[in-house]
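Just below is one structure, and these are the notes that go with it.
None of the values given here were measured: they were computed from a predicted structure. The sequence lines fix the lettering, A, B, ..., with proteins before strands; numbering per chain opens at 1.
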Protein chains: 2
Amino acid sequence: MTGKRVSQPRKSVWLSPPRARGRKGTESSSTGLDLDRIVAAAVRLLDAEGDAQFSMRRLAAELNVTPMSLYWYVANKDDLLELALDAVAGEIKLPAPGPDSDWREELRALATAWRRTMVAHPWAVRAYGAYLNIGPCSVRFTSCAQDIVARSSLPQHEHPAALSAVFQYVYGFISTETRWLEYARETGQTADEFFSEVADSVEEMPGERASGGLMEQHESLSMDELRDRDFDRALDWLIAGMCADVATARQPRQPAGR
Amino acid sequence: MTGKRVSQPRKSVWLSPPRARGRKGTESSSTGLDLDRIVAAAVRLLDAEGDAQFSMRRLAAELNVTPMSLYWYVANKDDLLELALDAVAGEIKLPAPGPDSDWREELRALATAWRRTMVAHPWAVRAYGAYLNIGPCSVRFTSCAQDIVARSSLPQHEHPAALSAVFQYVYGFISTETRWLEYARETGQTADEFFSEVADSVEEMPGERASGGLMEQHESLSMDELRDRDFDRALDWLIAGMCADVATARQPRQPAGR
DNA sequence: ACCTGAACACCGTTCAAGT
DNA sequence: ACCTGAACACCGTTCAAGT
């Protein structure tokens, strides 16, 4: 995030030997600092003001403390953001693996749960794209997804590709979704107002026929409902596609229209 | 990008009245500045050192000029990055709409072209996620995609969802792909080395059964080939899924396994 | 063990001034 | 019309010092 040239480039908090951090047991007095309190405050601040406004100095002020005191608990800003990211990853509600439930339903449920938490913490999807996501909660999340496809009807050698496919799609979706919501929030407009304004402007641009078909079906559905529907839709297409690919047992490496 | 609290929040360069910029005709002497030269230099610098290292001051130095001279051509750093983004969008090789070609092939070709350019400019996928992408080249790119699905066999009302589905997927894919490549570059490792190191570390972490199945098929294929295959694979699944959904004409709103 | 203060090397950008 | 210099309000972080 800072990007200053360093001799030993950092990779992840989770790949470094732990500091004083992580001693959750110590019920410290409410006055003293504490890694958990710092991370919690960071999440609160990031939610409230966005990652662009977030700074170590701002956070320190929030905690009534000198900026440098944070550095006793955390090596640098990137590490702190990685910790904050894993904290919100812990908020994702993982579906319980009911014995009689369909794996496709569970996968949809997991994707929806992920989407829901990310919409609540837009900065976190940017962090998700920036870091390695190998904290305990992130790993638990990934494991959950792996378990689900492991119980699927897909052949084992397809599991990684299947997992990656839905992950990439969902990540892409929530990435642009949260960005639009942030834009609306920043400009003080509703999502619809902002979208309409942009669409109109593109319409008026020189060259090409404009955003045809992107603004049509505004009769019965709100934009939120439209987004929900498109999200589920593509997920279904993807899952249906990989199931069909298996059903029609062509030679496994050679996909459809080649 | 800066995030300072401003009275009038910016939305996009392309939504503001143009400055002196854009006078491409003026064959200015090679000594003077020029919007095109500035943008080109920015792209060069971003490619070489990444967006984390990029700054107005650094760019000015590169152009042998005072930082503030840039501000005659460009309102702020975000605007400049948006211009740089559109410049690389112009590098995407759009498939020519051959009259006898399959729309699915064209869609795959477009996705692949997009991916190729983004891998060449990793900072641009972050910019893509941050801005509105409504510059002339970006719009041309989007229009091309729209034309392709317009020629598809899908019912008209599905076109926006179909377009969005493949966009989100491809964006998600290249987003994580370029991030891994950047990590490898930053650490001076090959992509394989870096990936193995991370995978091993996750393996040793407490709790959960580890990254099962993510590191299997390392026999005949390199990581690059694996990625290429997975990219095409999910794209095929997605396209197959949406075609199948149409073929088996169930009631249009109620997808597969509900 | 935990926290502070001063300082360094950076940022983006405003503003008044130069040519 | 185009570019500069000084200055402002910020950054993340180092380092030596306090308790």
*asked:* Taking the minimum atom-to-atom distance to the side chain of R57(B), which one of dC3(C), dT13(D), dG12(C) wins?
replied: dG12(C)
*Is any side-chain N or O of Y71(B) closer than 4.0 Å to OP1 or OP2 of dT4(D)?*
no
_Separation of dC3(C) C1' from I38(A) CD1 (nearest whole Å)_ = 11 Å
*To the side chain of S55(A), which of dC3(D), dC3(C), dG12(D) is closest?*
dG12(D)
*asked:* From the set dC11(D), dC2(D), dT13(C), return the single nucleotide nearest to any side-chain atom of N76(B).
replied: dT13(C)
*Residue pair S69(B) / V65(B): nearest heavy atoms and the distance that separates them*: OG-CG1, 2.7 Å
*asked:* From CG of D79(A) over to P of dG12(D), roughly how many Å is that when rounded to an integer?
replied: 14 Å
*Using a heavy-atom distance cut-off of less than 4.0 Å, which residues of residues 59-69 of chain B contact DNA chain D?*
V65(B), T66(B), M68(B), S69(B)
_Taking every non-hydrogen atom, the tightest pair across L46(B) and A84(B)_ = CD1-CB, 4.2 Å
*Who passes side chain to side chain donor-acceptor pair (under 3.5 Å) against T178(A), sequence neighbours left out?*
none
_Distance, rounded to the nearest Å, where L80(B) contributes CG and dT13(C) contributes P_ = 10 Å
*What is the distance, rounded to the nearest whole Å, between atom CZ of F54(A) and atom P of dC11(C)?*
21 Å
_Residues D224(B), R227(B): salt bridge by 4.0 Å N-O rule_ = yes
_Partners meeting side chain to side chain donor-acceptor pair (under 3.5 Å) with R116(B) (sequence neighbours left out)_ = none
*Mind pulling the stems DNA chain D is in, i.e. runs of at least three Watson-Crick or G-U pairs, everything under 3.5 Å?*
C:4-8 with D:12-16, C:12-16 with D:4-8
*When Q168(B) is tested against each of T176(A), D230(A), I174(A) for side chain to side chain contact (heavy atoms under 4.5 Å, CB included), which residue passes?*
T176(A)
*Between dG12(C) atom P and R10(B) atom CZ, what is the distance in whole Å?*
14 Å
*Any idea how W123(A) and H121(A) line up, ring-wise: parallel (<30°), tilted (30 to 60°), or perpendicular (>60°)?*
perpendicular
*Taking only the side-chain heavy atoms of K77(A) (C-beta and beyond), determine which of dG12(C), dC2(D), dT13(D) contains the nearest atom.*
dT13(D)
*Taking side chain to side chain donor-acceptor pair (under 3.5 Å) as the test, write out the residues that go with S55(A), two or more places apart.*
none
*Does Y73(B) have a side-chain nitrogen or oxygen under 4.0 Å from the phosphate oxygens OP1 or OP2 of dC2(D)?*
no
*Tell me: CG of L70(B) to P of dT14(C), nearest whole Å?*
14 Å
_Tell me which pairs pass salt bridge (Lys or Arg N to Asp or Glu O under 4.0 Å) where either residue lies in residues 126-138 of chain B, with sequence neighbours left out._
D51(B)-R126(B), R126(B)-E182(B)
*Which whole-number value in Å describes the distance from M56(A) CE to dC8(C) C1'?*
17 Å
*Separation of atom CZ in R37(B) from atom P in dC2(D), rounded to whole Å*: 14 Å
